[in-house]
Amino acid sequence: MALKVFVSGCYDMLHSGHVAFFEEAATYGDLYVGIGSSQTVFNLKGRKTINTDAERLYMVKSLKAVKDAWINSGSGIIDFEEEVKRLQPDVFFVNTDGHSPVKEQFCRKFGIRYVVSERVPHSGLPARSTTALRQECRIPYRIDLAGGWLDQPFVNKFHSGYVVTVCIEPDYEFNDRSGMATSSRKKAIELWHTDIPDGDREVLAKTLFCFENPPGTKYVSGSQDSIGIVYQGLNMLYYDNDYWPSHIENHTAPELLSWLEAHLWLVPLYPRKASYDVLAGTDITIMNARALAEASAACREALLARDLKAWGAASTASFEYQIRMFPNMVTEDIMNEIESYRCDVLGWKLSGAGGGGYMVFVSDKPVRNAVRIRVRQKTYIG
């Protein structure tokens, strides 16, 4: 009797990449597909599907590689629990951008073999992703590499310092509440629709920052988000007791950016809960703010010198001083995930304010189950 293989996903705008993924998964046995409902996709991605549940189910079930398919009854990343309990699969197959430690733990709990595969296109066909095919938006995301929280006056009033960010191409559709500046990116889409327009970068970034934070806003989003989206390349923002940096360094040398993206890896965790409160139990002091600023300055120097080990150490130090001030950034699951990678990488941190999202690793070799990113090295005109 053939093994039962389970995969789960959205599968909106079905394309050759999906078919190749199904074909590869089916090499392990009979393939069963759990499809995320339109509501689940909206909750995780912050967008509506192009095709309805019925249309996506019809297309997936029609594929030769698929034994059977259904719309998952649950919600969130683990929206398939009831279906998996009934199916009792032998193998759970995912792509790197579909990997999550929550899924891995789920498989351990139910004794299911967990297999992570790279995207492998069919011979002679290009690699495809739904994000690339949608072509509705080329507005980038940003990754905070060091110094996050120093863009907030309630931190930088204690000590000035750098926040280091990098602008990345939207090759993946990162989950909402994942620390990738998704809320600022949504506001940028409202303003500019498809891409960052031509013009003065600082004026555009201030426009986005003010649009996201109108008068009366209770919690002001840090300006590193809007700057990190608008300015391509690597950005070093110096904050001194204000919401806006007193100085912006923008680095776009192709050699530096290519080196950076070759050593930067993201491992998906899970979106932080809507009720998550990162400000609970804070310990913001002059000593802690100074230590964070020093770690961020060390990261800046390491990146400009292309010193990989120093970058990794500074990244980890920045993260450690962040969680000294904001201990609610991490959970036991996050710390266990860090521990499982500790011996294999040179440094680590969390994307954004923590509580979920992505682990950001610095490494001189491929990182298991990790997503590769591309740094935006030029401005696209929508």
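Both backbone and side-chain heavy atoms feed into the values below; hydrogens, waters and symmetry mates do not. Please read all numbers here as calculations on a predicted model, not as lab measurements.
K67 is linked by a salt bridge (Lys or Arg N to Asp or Glu O under 4.0 Å) to nothing, counting only residues two or more places apart in sequence or in another chain. With sequence neighbours excluded, no residue forms a ring pair (Phe, Tyr, Trp, His ring centres under 6.0 Å) with H159. Remark: F174 engages Y141, Y358 in a ring pair (Phe, Tyr, Trp, His ring centres under 6.0 Å) (not counting sequence neighbours). The side chain to side chain contact (heavy atoms under 4.5 Å, CB included) check on A54 picks up T52, with sequence neighbours excluded. Here F80 pairs with F6, F92, F106 under the ring pair (Phe, Tyr, Trp, His ring centres under 6.0 Å) rule; sequence neighbours left out.
In this structure, S100 contributes its side chain and L269 its backbone to a donor-acceptor pair below 3.5 Å. Between the side chain of S226 and the main chain of S223, a donor-acceptor pair closer than 3.5 Å is present. Y11 contributes no side-chain N or O that, together with a main-chain N or O of G36, makes up a donor-acceptor pair within less than 3.5 Å. Formation of a donor-acceptor pair under 3.5 Å by the R185 side chain with backbone atoms of I139 is found in this model. Distance alone, capped at 3.5 Å, is enough to place a donor-acceptor pair between the Q152 side chain and the V220 backbone. For the pair S296 (side chain) and L292 (backbone), a donor-acceptor distance under 3.5 Å is absent. Not a single donor-acceptor pair under 3.5 Å links the side chain of Y239 to the backbone N or O of V155. Listed for the S363 side chain is no donor-acceptor partner under 3.5 Å among the backbone atoms of P366. Using a distance-only test at 3.5 Å, with no hydrogens or angles considered, no donor-acceptor pair links the side chain of E169 to the main chain of R374. A donor-acceptor pair under 3.5 Å links the side-chain atoms of S351 to the main chain of S178, judged by distance alone.
Linking Ile, Leu, Val, Met, Phe, Trp and Tyr residues whenever their side-chain heavy atoms come within less than 4.5 Å leaves L237 and V203 in two separate clusters. Linking ILVMFWY side-chain heavy atoms closer than 4.5 Å, directly or via other members, places V41 and W70 in two distinct hydrophobic clusters. F42 and M13 are assigned to two separate hydrophobic clusters, defined by single-linkage of ILVMFWY side chains at heavy-atom distances under 4.5 Å.
For residues 315-332, the set of pairs meeting the salt bridge (Lys or Arg N to Asp or Glu O under 4.0 Å) definition, not counting sequence neighbours, is empty. Pairs passing the salt bridge (Lys or Arg N to Asp or Glu O under 4.0 Å) check and including a residue from residues 68-91, sequence neighbours excluded, read K61-D68, E81-K85, E82-K85, E83-R86. Residues in residues 218-230 take part in these salt bridge (Lys or Arg N to Asp or Glu O under 4.0 Å) pairs, two or more places apart or across chains: R142-D225. For the side-chain hydrogen bond (donor to acceptor under 3.5 Å, both in side chains) condition, no pair includes a residue of residues 302-317, sequence neighbours left out. Screening residues 341-367 for salt bridge (Lys or Arg N to Asp or Glu O under 4.0 Å) gives D144-K349, E339-R342 as the qualifying pairs, with residues at least two apart or on separate chains. Listed by first then second residue, pairs satisfying ring pair (Phe, Tyr, Trp, His ring centres under 6.0 Å) with a partner in residues 195-215 read F209-W244, not counting sequence neighbours.
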List the atom pairs, donor and acceptor, that lie under 3.5 Å between side-chain atoms in residues 284-291 and the rest of the protein, sequence neighbours left out.
{"residue": "T285", "atom": "OG1", "partner": "N288", "partner atom": "N", "Å": "3.1"}
{"residue": "T285", "atom": "OG1", "partner": "N288", "partner atom": "ND2", "Å": "3.4"}
{"residue": "N288", "atom": "ND2", "partner": "D283", "partner atom": "O", "Å": "3.0"}

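Here Q224 contributes atom CD and I248 contributes atom CD1; the two are 12.0 Å apart, rounded to the nearest 0.5 Å. Between the CZ atom of F326 and the OH atom of Y321 there is a distance of 15.5 Å, given to the nearest 0.5 Å. Once rounded to the nearest 0.5 Å, the distance linking CD1 of I227 with CG of D151 reads 8.5 Å. Rounding to the nearest 0.5 Å places CG of L350 at 5.0 Å from CE of M359. Rounded to the nearest 0.5 angstrom, L150 CG and Q322 CD are separated by 8.5 Å. Rounded to the nearest 0.5 Å, atoms OG1 (T27) and CG (L3) are 10.5 Å apart.
Summarising the geometry of V362 relative to L308, their closest heavy-atom pair is CG1-CD1, 3.7 Å, with the distance given to 0.1 Å. The heavy-atom pair separating V230 from R201 by the smallest distance is O-NH1, 3.2 Å. Across all non-hydrogen atoms, the minimal contact from V278 to N328 is O-CB, 3.9 Å. Contact between R372 and L264 at its shortest, heavy atoms only, is NE-O, 4.4 Å. What you find for S318 and A146 is that their closest heavy atoms are OG-CA, 3.6 Å. When every heavy atom of S37 is checked against every heavy atom of R56, the shortest pair comes out as C-NH2, 3.6 Å.
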Handout entry: Candidate pair Q232 and I196, rule side chain to side chain contact (heavy atoms under 4.5 Å, CB included), full reasoning
Key = CA-CA 10 Å; Q232 67 269 36; I196 310 299; over 6 Å; no

Practice task
Step by step, work out the side chain to side chain contact (heavy atoms under 4.5 Å, CB included) result for D171 and I373.
Solution key: CA-CA 8 Å; D171 295 332; I373 57 93; over 6 Å; no

Handout entry: Step-by-step side chain to side chain contact (heavy atoms under 4.5 Å, CB included) determination, N369 to T96
Key = CA-CA 5 Å; N369 302 339; T96 49; 5.6 Å; no

Exercise for the section: With side chain to side chain contact (heavy atoms under 4.5 Å, CB included) as the test, would you mind laying out the steps for M59 and N51 before giving the verdict? Expected result: CA-CA 10 Å; M59 290 187 288; N51 295 303; 3.8 Å; yes

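At a threshold of 4.5 Å between non-hydrogen side-chain atoms, the residues L145 and I143 count as touching. In this structure, F93 and L31 have side chains that are not in contact, with every pair of non-hydrogen atoms separated by 4.5 Å or more. The closest side-chain heavy-atom distance from I168 to M180 is below 4.5 Å. Inter-residue side-chain proximity for P170 and R138 is flagged as met; some heavy-atom pair is nearer than 4.5 Å. The closest side-chain heavy-atom distance from P245 to E202 is not below 4.5 Å. W192 is listed as a side-chain neighbour of L204, based on a closest heavy-atom distance under 4.5 Å.
Among N235, L303, L256, the one residue that satisfies the side chain to side chain contact (heavy atoms under 4.5 Å, CB included) test with H251 is L256.
A donor-acceptor contact under 3.5 angstrom links the side chains of D53 and S38, judged on distance only. In the model, T40 has no side-chain atom that pairs as donor or acceptor with a side-chain atom of N72 under 3.5 Å.
In this structure, Y341 has its ring center at least 6.0 angstrom away from the ring center of W348.
Ring geometry for W149 against F154 counts as tilted: the plane angle lies between 30° and 60°, on a 0 to 90° scale.
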